[in-house]
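Just so you know, ligand 1 is whichever comes first in the structure, and atom 1 is the first atom listed for that ligand. By convention here, the first residue in the shown sequence is residue 1.
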Amino acid sequence: MVRPILPKLISTSSTVLILFGLLLFNLVSCSSGHDLDDKTTVAVSILPQAGFVEAVGGDKVNVVVMVPPGASPHTYEVTPGQMASLANARMYAKVGSGVEFELAWMDKLIAVNKAMLVVDCSQGIQLIPVAEEESEAAQEHEEESGAEHHHEGLDPHVWLSVRNVKIMARNICDGLVRVDAHNKSYYEANLAAYFQELDNLDAALTADLADVANREFLVVHPSFGYFAHDYDLHQISLEQGGKEPEADYMIRLINEAKQHSIKVVFVSPQYSAKSAEMIAQEIGGEVVMIDPLARDFVGNMHGIETAVKQSMQ
Ligand code: ZN
């Protein structure tokens with residue numbers, strides 16, 4: 001008598017459990033913004049941030065990136081499809097340092113999904129003036145022409161500093177804990193591991209750059225001000241205030257480059273290499289590509305450091 005009843009009980013209770021589970025799953029996925037695969041969708045402005053969110057969020061997050069590979073966060077315009085992709089996001093991690101893309105679009109992006117938690121990755125980061133890493137030639141040019149300071153003032157490229165990225169990752173982690181408290185210990189453990197990786201990276205770059213005598217490097221677009229600041233280097237940029245250099249400035253720049261024995265002009269995938277090729281020809285040097293917007297931050301910073309160091313020797 002017992003034998004047929006027991007399996008029936010089990011099967012009834014498991015059916016109830018499964019139904020209850022499905023119901024719960026539906027409730028969770030509808031109310032908390034989890035995707036069907038139970039991951040938390042996080043939107044970010046630029047690719048390096050996707051790397052930071054993935055480092056902290058691991059397999060608990062899906063990342064949506066607004067500025068696609070090859071596009072510039074100074075000029076990019078969002079597509080309607082990208083707007084729609086925010087509908088499912090629980091959190092938007094903005095760079096927060098005054099990058100033009102966010103100044104132009106942030107309000108519209110938030111309007112798509114007012115429930116998103118907006119995290120400012122730059123909270124706690126000390127912004128530095130663009131002018132701090134400006135070339136001597138640019139300063140002379142401004143003094144002579146009597147021109148107003150034509151930079152926006154503060155350098156928005158905060159993510160190209162290992163030390164800043166630790167702050168950004170902490171802000172991202174705090175945001176993830178707020179939208180998905182259930183996985184708090186998972187996020188905190190990932191953050192601790194990422195901090196270790198970043199500390200190792202910072203130590204390696206500091207050591208490797210310590211004894212370099214010539215500390216000036218030449219770039220088209222001034223993305224590397226915070227990198228230069230961290231390691232006591234000097235970034236000279238062709239672009240002035242987001243514009244192609246004028247002829248007289250080019251001439252000064254060429255002289256300055258020759259003076260400092262600079263043989264490399266760094267270009268980036270997002271910006272024209274035209275003026276770089278012209279300068280490289282004048283100084284008998286070469287054009288080398290470094291990417292300020294790679295998704296793999298740690299690997300990319302090693303690559304940038306190696307290339308910059310090589311260019312200064
Ligand atoms: Zn830039």
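Taking the ring centre of Tyr231 as origin, the terminal cationic atom of Arg163 falls inside the region bounded by 6.0 Å and 45° from the ring axis.
Legend: residues meeting side chain to side chain donor-acceptor pair (under 3.5 Å) with Asn200, ordered by chain and number and at least two apart, are Gln196.
The residues Arg90 and Asp180 are annotated as not salt-bridged, no charged nitrogen and carboxylate oxygen being separated by less than 4.0 angstrom. Classification of Lys274 and Glu244 as a salt-bridged pair fails, no side-chain N sitting under 4.0 Å from a carboxylate O. The pair Glu188-Arg170 counts as a salt bridge, with a side-chain nitrogen and a carboxylate oxygen less than 4.0 angstrom apart.
The Zn ion (ligand 1) has His74 NE2, His157 NE2, His221 NE2 as its protein N, O or S neighbours under 2.8 Å.
Residue Lys108 places its NZ atom among more than 12 non-hydrogen atoms of other residues, nucleotides or ligands, all under 6.0 Å distant.
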